[in-house]
S.K.: 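Sharing a structure here in structure tokens format.
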Amino acid sequence: MTRNRYNLEVSIDRVRGYACGLLIALAPLLTMPVYGEGGTVLILSSDTTVEKYLTAQTSFKKATTASTYEIDLGKKWADDSRVARSIITKDPDVIYCIGSKAYLLAHKVAKDKNIVLSSAINWQRFPLGKNTFGVANELPSEMQLTMFRYFFPKINTIGVLYSKKYNKEWMDLAVHDGKEVDIEVTGRSIKHPKDVEDDLLLLLSEVDAIWLTSDPVVLANKNTIETIFQLADKHNKPVFAYDPAFAGYGATMMLSADIPTIGRQAAGLAEEIIGVRPAGGRFQSPAGSEIIVNLKKIDEYGIELNRDALDSVNSIID
Amino acid sequence: MTILRHNSLFALCPKLVLYRHHPLFVFVSLSLFLPFVLSGAQPATSTTIYFYSPETNINNFSSLKAEFDIYLSQFGAYRFQPFSERLTFETFIAKSDRAVFLLSTWHYQNLKRRLSMEPVLVGVSRNQSTQRRVLSVQKSFTDIGFLKGIKIASSGSAEFTTTILKHMLHDRDSAVIASMKIFSVPKDIDALLAVGFGMSTAAFTTQNSLEKFENINPKQFNTLRQIAVSSETLFPIVARQMDSADQVQDILDIMEKMGDDPEGEKRLKMLGLDSLKKLSNDELEMLNK
């Protein structure tokens, strides 16, 4: 009897010992920061047939540790009421909105939810809820100017056509940022698309290159875009553009945000929201760039290219 | 050859004959056999350069392939094949005899016990065959203790970055290293800019990239503090299968001369290299440590 009791006590002591050992072994895991393990994210895409939206979505899913489910607003069934019902039923921790259509719908039907927005042009124009976060679609002017300096060490003056109505603040910042990389940014403001030709001619006589920005007055129609590229070409001046779509017009360099990186950033934001509130700003700049250079144009215009920068190029046109 | 395969299939499963004109059957058959037919169409004697690097988040595969293929075609039946997936690349190494492999030294050191490869050439940049990696943090970070849980922007794979970081920080605080979150960006310059713009707390880059960044944007550079530096490692190497020396010597000769030709140099620059040269005894020793 006494021996049995002794054996039982020994067993209990062993169990206690194992339990303590297990706790000590697990202690580092228990004190590790939580990066959003668990949690649910609704991925609300404006239209998955749009390649850039799908790329962001794929990259987000690859990077996140949260569980996800998706609604594609490109599908006919996905109307406001069904999306709203799905959000109420499944109650996701975060809604990741890809594109403006998705964001506007999420803001309308669930504006108090945590929302992460990406792949929408100029996020500042949207109504923002107190729980809205996101990744901007545009690279900051200083990032772009740093890349121009990196690729073209001999380019010292860059000209921009812009409208004060839409881009005055952006232009002021670009002039300031240019000084950080020894590039003088000269702007000419226009009020109407018909002014493009005259003002561009004046600008071309003053600068080494033209920087095309997404200004609705300057890029009002296909004709003004063609005029810009034709005149620049006639004056042997390169055009730096913000989208790969300008390759066909003869842009010398196209610099845009890298979409897979945007998806990864959005995943990071969503996980931080699920774990702890993001400490930084509500909207991040894109952290990756996609660069296309047209070597044919570079040779044609006789511009000096920093060949070491070729390791940063995504595509070469030659 | 395709017909024979179809007949064998029908012999195995006679009921399939009933569906042989069904569009779905035709589609499935094509999907199954087209790769064999296409691979059979390649010249039997073509030699391939297989490329994979966990050290850079290279995503310009189509451009790289097109540029190298155009360059190599002037010399004969040579091809360039970059890979985005490590395991696929390793599978090709194991089964390819008429090929050479352009890979990082870190990857080679991981593979050398499993696969019988012989390193032959090494990359050169700025007359150096070695490079260092640097961990740069926001200037407000003064001590490694502050690094717990931070986000590190890197153009290398998470596995590569974490391994090198462990060496750089001398395993001083494994809990700190384990808590770091590697944020993948396309290029070194993106990683450095990400710190300045607050998307990341630290950047893991090559020393070369950091020096270039100092020249390009001194203001942003001055917001960074270099907190750890790696030991020297070799630039990517070119290796061949142990028993393939005769079959691949011609492509190795072409690669060794690429740096002397402006067109060849242009292609190597896309990989961050100026040229390729034969490994010296010291470099081989370094590689086999």
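To find a chain, count down the sequence lines: A is the first, B the second, and so on, and within it residues start at 1.
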S.K.: Taking every non-hydrogen pair under 4.5 Å, which of A:Arg149, A:Glu290, A:Glu142 racks up the most with chain B?
M.R.: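 Maximum pair count with chain B is reached by A:Glu142.
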
S.K.: Below 4.5 Å, heavy-atom pairs only: which of A:Leu295, A:Asn306, A:Val181 has the largest tally toward chain B?
M.R.: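 Answer, by heavy-atom pair count under 4.5 Å with chain B: A:Val181.
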
S.K.: Do the rings of B:Phe101 and B:Phe89 sit parallel, tilted or perpendicular, given the 30° and 60° boundaries?
M.R.: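 Taking B:Phe89 first and then B:Phe101, their aromatic rings stand perpendicular (interplane angle over 60°).
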
S.K.: Sub-4.5 Å heavy-atom contacts with chain A: which residues of residues 126-137 of chain B show up?
M.R.: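 Not one residue of residues 126-137 of chain B has a heavy atom under 4.5 Å from chain A.
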
S.K.: In terms of heavy-atom proximity below 4.5 Å to chain A, should B:Lys266 be classed as side chain, backbone, both, or neither?
M.R.: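 Both the backbone and the side chain of B:Lys266 come within 4.5 Å of chain A.
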
S.K.: What residue, out of B:Leu268, B:Leu273, B:Asp190, has the most heavy-atom pairs lying under 4.5 Å from chain A?
M.R.: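 Max contact count across the listed options: B:Asp190.
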
S.K.: Does the plane of the ring in A:Tyr96 sit parallel, tilted or perpendicular to the ring in A:Phe60? Use 30° and 60° as the thresholds.
M.R.: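 Taking A:Phe60 first and then A:Tyr96, their aromatic rings lie parallel (interplane angle under 30°).
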
S.K.: With a 6.0 Å cut-off (strictly less than), is the heavy-atom count around CD of A:Glu51, excluding the residue itself, greater than 12?
M.R.: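 Atom CD in A:Glu51 is not crowded, with 12 or fewer foreign heavy atoms closer than 6.0 Å.
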
S.K.: Below 4.5 Å from any heavy atom of chain A, which atoms of B:Asp274 appear? Answer side chain, backbone, both or neither.
M.R.: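 It is the side chain, since no backbone atom gets that close.
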
S.K.: With no hydrogens and no angle check, is any side-chain donor or acceptor of A:Arg264 less than 3.5 Å from a backbone partner on B:Ser184?
M.R.: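 Present.
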
S.K.: Do any pairs count as a ring-ring contact (aromatic ring centres under 6.0 Å, His included) and have a residue in residues 183-227 of chain B, sequence neighbours left out, and if so which ones?
M.R.: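 Sorted result for residues 183-227 of chain B: empty, none.
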
S.K.: Considering the options A:Phe246, A:Tyr242, A:Phe148, which one meets the ring pair (Phe, Tyr, Trp, His ring centres under 6.0 Å) requirement together with A:Trp211?
M.R.: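 Going through the options one by one, the only one that passes is A:Phe148.
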
S.K.: Would the distance check show the side chain of B:Ser200 and the main-chain N or O of B:Val195 forming a donor-acceptor pair, the cut-off being under 3.5 Å?
M.R.: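 Absent.
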
S.K.: Could you list which of residues 67-74 of chain B have a heavy atom closer than 4.5 Å to any heavy atom of chain A, in residue-number order?
M.R.: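 Residues in range: B:Glu67.
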
S.K.: With a 4.5 angstrom heavy-atom cut-off, is it the side chain or the backbone of A:Asn314 that approaches chain B, or both, or neither?
M.R.: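 It is both, since atoms from each part get that close.
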
S.K.: Say whether, by atom type as modelled, one donor and one acceptor occur between the side chain of A:Ser67 and the main chain of A:Gly39 under 3.5 angstrom.
M.R.: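 Looks like yes, one N/O pair under 3.5 Å.
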
S.K.: With sequence neighbours excluded, tell me which residues meet salt bridge (Lys or Arg N to Asp or Glu O under 4.0 Å) with B:Glu90.
M.R.: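 B:Glu90: salt bridge (Lys or Arg N to Asp or Glu O under 4.0 Å) contacts with B:Arg86, B:Arg114.
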
S.K.: Is the side chain of A:Gln144 donor-acceptor paired with the backbone N or O of A:Leu139 at a distance under 3.5 Å, no angle test?
M.R.: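 Answer holds: yes.
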
S.K.: For A:Pro140, which atoms come within 4.5 Å of any heavy atom of chain B: side chain, backbone, both, or neither?
M.R.: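 When you check distances to chain B, only side chain atoms of A:Pro140 fall under 4.5 Å.
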
S.K.: Report yes or no: does A:Ser59 contribute a side-chain atom to a donor-acceptor pair with the main-chain N or O of A:Thr55 at less than 3.5 Å?
M.R.: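 Side chain of A:Ser59 to backbone of A:Thr55: no pair is present.
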
S.K.: Any donor and acceptor pair, going by atom type alone, linking the side chain of A:Lys297 with main-chain N or O of A:Pro238 inside 3.5 Å?
M.R.: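 Answer holds: no.
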
S.K.: Side chain, backbone, both or neither: which part of A:Ile317 has an atom under 4.5 Å from a heavy atom of chain B?
M.R.: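 Neither the backbone nor the side chain of A:Ile317 comes within 4.5 Å of chain B.
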
S.K.: So which part of A:Asp318 gets closer than 4.5 Å to some heavy atom of chain B, the side chain, the backbone, both or neither?
M.R.: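 Answer is side chain: those atoms of A:Asp318 sit under 4.5 Å from chain B.
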
S.K.: Below 30° counts as parallel, above 60° as perpendicular, anything between as tilted: where do the rings of B:Trp106 and B:Phe160 land?
M.R.: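 Ring orientation of B:Trp106 relative to B:Phe160: perpendicular.
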
S.K.: Are side-chain N/O atoms of A:Asp208 and A:Thr157 paired as donor and acceptor at under 3.5 Å?
M.R.: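 Distance-only check passes for A:Asp208 and A:Thr157.
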
